[in-house]
J.: 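My structure is below; once you've seen it, I'll send some questions.
By convention in this document, chain letters (A, B, ...) are assigned in the order of the sequence lines, proteins followed by strands, and residues within each chain are numbered from 1. Since we're looking at a predicted model, the values are computed, not measured.
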Number of protein chains: 2
Amino acid sequence: MSARAPGRPAVLSRPLIVAAARWIADHDGLDAMTVRAVAQRLGTGQASLYRHIADRRELLVLLADDVAARLPLPREGLEPGEQFTGQWLDAYDYLRGHHWAARIIAEGAQVRAGGAAFADSALAVLTTASGADRGDALRAFRVLWHLMLGHLVNSHPVGHPRTHEDAGTAPGPHDEPSPAPGTQTPAPPSDAARDDFAWALPLVLAGLRRSPETR
Amino acid sequence: MSARAPGRPAVLSRPLIVAAARWIADHDGLDAMTVRAVAQRLGTGQASLYRHIADRRELLVLLADDVAARLPLPREGLEPGEQFTGQWLDAYDYLRGHHWAARIIAEGAQVRAGGAAFADSALAVLTTASGADRGDALRAFRVLWHLMLGHLVNSHPVGHPRTHEDAGTAPGPHDEPSPAPGTQTPAPPSDAARDDFAWALPLVLAGLRRSPETR
DNA sequence: ACCTGAACACCGTTCAAGT
DNA sequence: ACCTGAACACCGTTCAAGT
């Protein structure tokens, strides 16, 4: 019974569990990614999962790490400034498609090994484009990461179940904490947050270029 | 029976419920702020709360709004640049003490009316310090808001129950997604995220000052 | 030795029954 | 008319009982 997944897995393993959890989070949102749902998708009992993961929190960490490992690398053959902007916008676009990842981090998980490739390459691009030393580049990287995280976190989950009734709760267009009364933002195109992020990226690079005086 | 709160409330009301929820979130963390716990602290049954709030999600929105209404205003008698930096660092410090607020926003709540005073004053300061027009100042405000949110979100809740075992999960000092292998950040003083935020603030202001060419 | 059904202690939410 | 105890349908986690 239960031939749910295309090709019922022979044995359980952490990668299989993470893949199933990822599928559910992408399709039905993070709240639907319950231990029960993951077990059901794998055609097994919930208790069986606990032979491979300690608890749900560990599964969330594994998920965040899995996403981090797929963060884009810089594109080849570009001028350093464009390489810098491009990689971060690529990362933004990628994470926007897995919105739950930002939420996991907001709940306290730390992205660890999985983000190393992205971090290393982004640091290299930053160093090349700015001429800054490693300490300053690291600081700029952290600022950029948090800038991206903030932009991602403050927008509605896309593939989420709740779709209709929270439009009633939030009267504004769809973003901004409180754009001051009266004149709202004049109905932004589609992803105003992405435009904001793109606007802010070069500012950090410019700051890094003249950072030694600050340090 | 149950004279828990100092002076048992005569009648239930939204402000009373929000105050109780706020107390619990501040003391025991957001996860402990359950409908049951709020009701118990108010000395009433859980079902009674639903006469005043639609559901837990609405309570979270009310909490976020309550925090937003207490965001600091700019200090008087300062040079515009210092006023700008000071207000945002004050806001950061305040929200750091109510870490759950950032998490609520990360879960999809929008800060609305409560943040108006902060947003209005911050916009005025931005305009004065930069000479930018309203549209550019609004964009900078959104970027700063998201920058602050990202810095707040990517650090462990402070007053949270889980304290010991997730130090085992995250080997790094306490911040940064992945500062590249090998040389870790050299043991930051106490709040490296705040230093990063303070470093980034003037970059946004500088960008705003020369923004017309970008727009 | 390995797996898991069934139970446990929670949670948000509802509603019939009380006053 | 207003309030709420008790129930409902979930959740993460555990463990005794199965194979």
Side-chain angles (χ1 to χ4, degrees), chain A residues 1-5 8-14 16-18 20-21 24-25 28-64 100 103-104 107-109 160-162 164-166 168-169, chain B residues 1-5 8-14 16-18 20-21 24-25 28-64 100 103-104 107-109 160-162 164-166 168-169:
Chain A
M1 57 203 79
S2 95
R4 273 219 158 185
R8 162 117 182 241
V11 285
L12 224 48
S13 66
R14 279 162 78 105
L16 271 175
I17 292 172
V18 170
I24 296 172
D28 304 323
L30 191 59
D31 292 332
M33 198 285 288
T34 66
V35 174
R36 276 168 165 82
V38 173
Q40 187 184 342
R41 184 166 170 78
L42 291 169
T44 182
Q46 353 166 12
S48 308
L49 299 186
Y50 288 91
R51 307 214 123 259
H52 301 90
I53 56 164
D55 49 22
R56 186 184 133 97
R57 202 176 113 64
E58 189 185 17
L59 180 51
L60 291 177
V61 171
L62 292 174
L63 266 174
W100 42 268
R103 243 188 78 186
I104 292 176
E107 283 175 19
H160 241 237
R162 47 180 162 100
H164 300 308
E165 74 276 0
D166 48 299
T169 316
Chain B
M1 59 204 84
S2 95
R4 271 218 164 188
R8 161 115 185 244
V11 284
L12 224 49
S13 66
R14 279 162 79 106
L16 271 176
I17 293 172
V18 171
I24 296 171
D28 304 323
L30 191 59
D31 292 332
M33 198 285 287
T34 66
V35 174
R36 276 170 166 81
V38 174
Q40 187 185 344
R41 186 168 168 77
L42 291 169
T44 182
Q46 353 166 9
S48 308
L49 299 186
Y50 287 91
R51 307 215 121 259
H52 301 89
I53 57 164
D55 49 22
R56 185 182 134 97
R57 202 176 111 66
E58 188 186 16
L59 180 50
L60 291 176
V61 172
L62 292 174
L63 266 175
W100 43 269
R103 243 188 79 186
I104 292 177
E107 283 174 21
H160 242 237
R162 47 182 163 99
H164 300 309
E165 74 276 358
D166 48 298
T169 315

J.: Hey, are the side chains of B/Met33 and B/Val38 touching, using non-hydrogen atoms and a 4.5 Å cut-off?
T.: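 B/Met33 vs B/Val38: side chains touch.
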J.: Between B/Glu58 (CD) and C/dG12 (C1'), how many Å, whole number?
T.: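 After rounding, the gap between these two atoms is 14 Å.
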J.: Can you tell if the side chain of A/Arg103 reaches within under 4.5 Å of the side chain of A/Asp31, non-hydrogen atoms only?
T.: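 They are in side-chain contact.
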J.: Got A/His52 and A/Leu12 here, is their nearest side-chain heavy-atom distance under 4.5 Å?
T.: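 A side-chain contact exists here, since the closest heavy-atom pair is under 4.5 Å.
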J.: Whole Å only: how far is the CD1 atom of B/Ile53 from the C1' atom of C/dT13?
T.: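 B/Ile53 atom CD1 is separated from C/dT13 atom C1' by 11 Å.
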J.: Distance check: side-chain N/O of A/Ser48 vs OP1/OP2 of C/dT4, anything under 4.0 Å?
T.: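 True: A/Ser48 side-chain N/O within range (under 4.0 Å) of C/dT4 OP1/OP2.
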J.: How many Å lie between CD1 on A/Ile17 and P on C/dC3, as a whole number?
T.: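 The answer, rounded to whole Å, is 11 Å.
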J.: If the condition is side-chain hydrogen bond (donor to acceptor under 3.5 Å, both in side chains), which residues does B/Ser48 pass it with, not counting sequence neighbours?
T.: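 Counting only residues at least two positions away or on another chain, B/Ser48 forms a side-chain hydrogen bond (donor to acceptor under 3.5 Å, both in side chains) with B/Thr44.
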J.: Side-chain contact, heavy-atom cut-off 4.5 Å: B/Leu49 with B/Leu42?
T.: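 They are in side-chain contact.
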J.: Return no unless some side-chain N or O of A/Thr44 is found under 4.0 Å from OP1 or OP2 of C/dT4.
T.: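 Yes, within the criterion.
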J.: If I take atom CG in residue A/Asp31 and atom C1' in nucleotide D/dG12, what distance separates them, rounded to the nearest angstrom?
T.: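 That distance rounds to 14 Å.
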J.: Just compare C/dT4, D/dT4, C/dA7 and give me whichever is closest to any side-chain atom of B/Arg51.
T.: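 Closest of the options to the side chain of B/Arg51: D/dT4.
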J.: Of the nucleotides C/dC3, D/dT4, D/dA7, which one has an atom closest to the side chain of B/Gln46?
T.: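 So the nucleotide nearest the side chain must be D/dA7.
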J.: Whole-Å distance between D/dT4 P and B/Leu42 CG?
T.: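 It works out to 11 Å between those atoms.
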J.: Would you indicate whether the side-chain heavy atoms of B/Thr34 and B/Gln46 approach each other to under 4.5 Å?
T.: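 No, side chains not in contact.
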J.: Can you tell me the distance, in whole Å, between the CD atom of A/Gln40 and the P atom of D/dG12?
T.: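 Value for this atom pair: 13 Å.
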J.: Treating A/Arg14 as the side-chain partner and A/Ile53 as the backbone partner, does any N or O pair qualify as donor plus acceptor under 3.5 Å?
T.: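 Looks like no, no N/O pair under 3.5 Å.
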J.: To the nearest Å, give me how far apart CG (B/Leu49) and P (C/dC11) are.
T.: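 From B/Leu49 CG to C/dC11 P: 13 Å.
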J.: Between A/His52 and B/Arg56, name the one whose nearest nucleotide on DNA chain C is closer to the 5' end.
T.: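 So the residue in question is A/His52.
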J.: Separation of B/Arg36 atom CZ from D/dG5 atom P, in whole Å?
T.: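 So the two atoms are 12 Å apart, to the nearest Å.
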J.: Quick one: which of C/dC3, C/dG5, D/dG5 gets closest to the side chain of A/Ala47?
T.: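 Closest nucleotide to the A/Ala47 side chain: C/dG5.
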J.: Can you tell me which stems DNA chain C forms, taking runs of 3 or more consecutive Watson-Crick or G-U pairs with both distances under 3.5 Å?
T.: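 Listed by first number, the stems are C:4-8 with D:12-16, C:12-16 with D:4-8.
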